[in-house]
Amino acid sequence: TGILPRKNVLVQIAQLGMEYGPPNVRDAMRPLTHPNNREALRRLQEWGKTGASLKIWDYWNVYHHRFLFPFTCVSAIPENIKTYSRNNIKMIFSEAEEIMNNRLTGCSFLALRNYLGAKCMVNPEIDSKAVISDFMLHYYGTAAEPMTALLNYIETRMNEEPGAIGWTLSLSRYLDK
């Protein structure tokens with residue numbers, strides 16, 4: 001648009017998830033590099049090119065669902081934080097609450113999500129698989145192996161779903177196994 005902020009202005013970017021409907025273009029449960037997020041990534045990259053001081057307001061939840069179902073953004077977080085780092089984002093705020101308006105927001109592996117996000121914010125190039133493995137071992141103890149299998153299952157099923165998680169998701173198709 002040709003509009004550039006002054007040097008003393010911090011531009012905050014907040015791309016709501018697709019569950020809020022158009023014109024929102026972000027599938028918050030997937031990395032920005034996922035095809036569903038093509039437009040969201042383009043917008044972020046355009047802001048990054050301006051040289052402005054940028055802050056991201058990230059969403060690690062899906063809101064508008066009447067029924068909770070297993071999904072997570074664990075795999076998206078490390079990739080997104082790397083993308084933010086490469087696009088001139090200087091600060092990250094993540095909306096990752098568990099309860100909003102006396103209702104669960106719904107997301108699996110909340111503690112892992114928040115721990116991994118904090119680690120990636122400190123070091124965007126951290127080995128996220130090692131962080132996840134270490135977390136699972138120390139958080140779940142003897143249940144680490146089945147909990148890791150559950151995380152992998154949920155992420156596999158999410159990856160099979162072409163639509164936006166939280167918007168076009170068919171629960172019967174997602175949970176049929």
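Arg30 has its side chain within reach of Asn37: a pair of non-hydrogen atoms, C-beta onward, lies under 4.5 Å apart. Considering only heavy atoms from C-beta on, Arg26 stays 4.5 Å or farther from Asn36 through its side chain. Here the side chains of Lys90 and Leu54 are not in contact, with every heavy-atom distance at 4.5 Å or above. At least one side-chain heavy atom of Phe109 sits under 4.5 Å from a side-chain heavy atom of Met147. Looking only at side-chain heavy atoms (C-beta outward), Gln45 and Leu41 come within less than 4.5 Å of each other. The closest side-chain heavy-atom distance from Glu160 to Arg157 is below 4.5 Å. Side-chain contact between Thr72 and Leu110: absent, with no pair of heavy atoms (C-beta onward) separated by less than 4.5 Å.
Judged by distance alone, the side chain of Ser85 and the main-chain N or O of Ile81 form no donor-acceptor pair under 3.5 Å. At least one donor-acceptor pair closer than 3.5 Å links the side chain of Asp127 to the backbone N or O of Ala130. For Asn80 (side chain) and Leu32 (main-chain N/O), a donor-acceptor pair under 3.5 Å exists by modelled atom type. Between the side chain of Ser94 and the main chain of Asp58, no donor-acceptor pair closer than 3.5 Å is present. No donor-acceptor distance shorter than 3.5 angstrom exists from the side chain of Arg113 to the backbone of Cys73, with no hydrogens or angles considered. Side-chain N or O atoms of Asn87 include none that pairs as donor or acceptor with a backbone N or O of Trp47 at under 3.5 Å.
Under 3.5 Å, the side chains of Glu95 and Trp57 contain a donor-acceptor pair of N or O atoms.
Classification of the Tyr115-Phe135 ring pair by plane angle, with boundaries at 30° and 60°, yields tilted.
In summary, Lys49 and Glu46 engage in a salt bridge, as defined by a charged side-chain N under 4.0 Å from a carboxylate O.
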### Task
Please assess Glu155 against Val74 for the test side chain to side chain contact (heavy atoms under 4.5 Å, CB included), listing each intermediate value before the final yes or no.
CA-CA 9 Å; Glu155 290 182 333; Val74 167; 3.7 Å; yes

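Distance check, rounded to the nearest 0.5 Å: NE2 of His34 to OG of Ser75 gives 11.5 Å.
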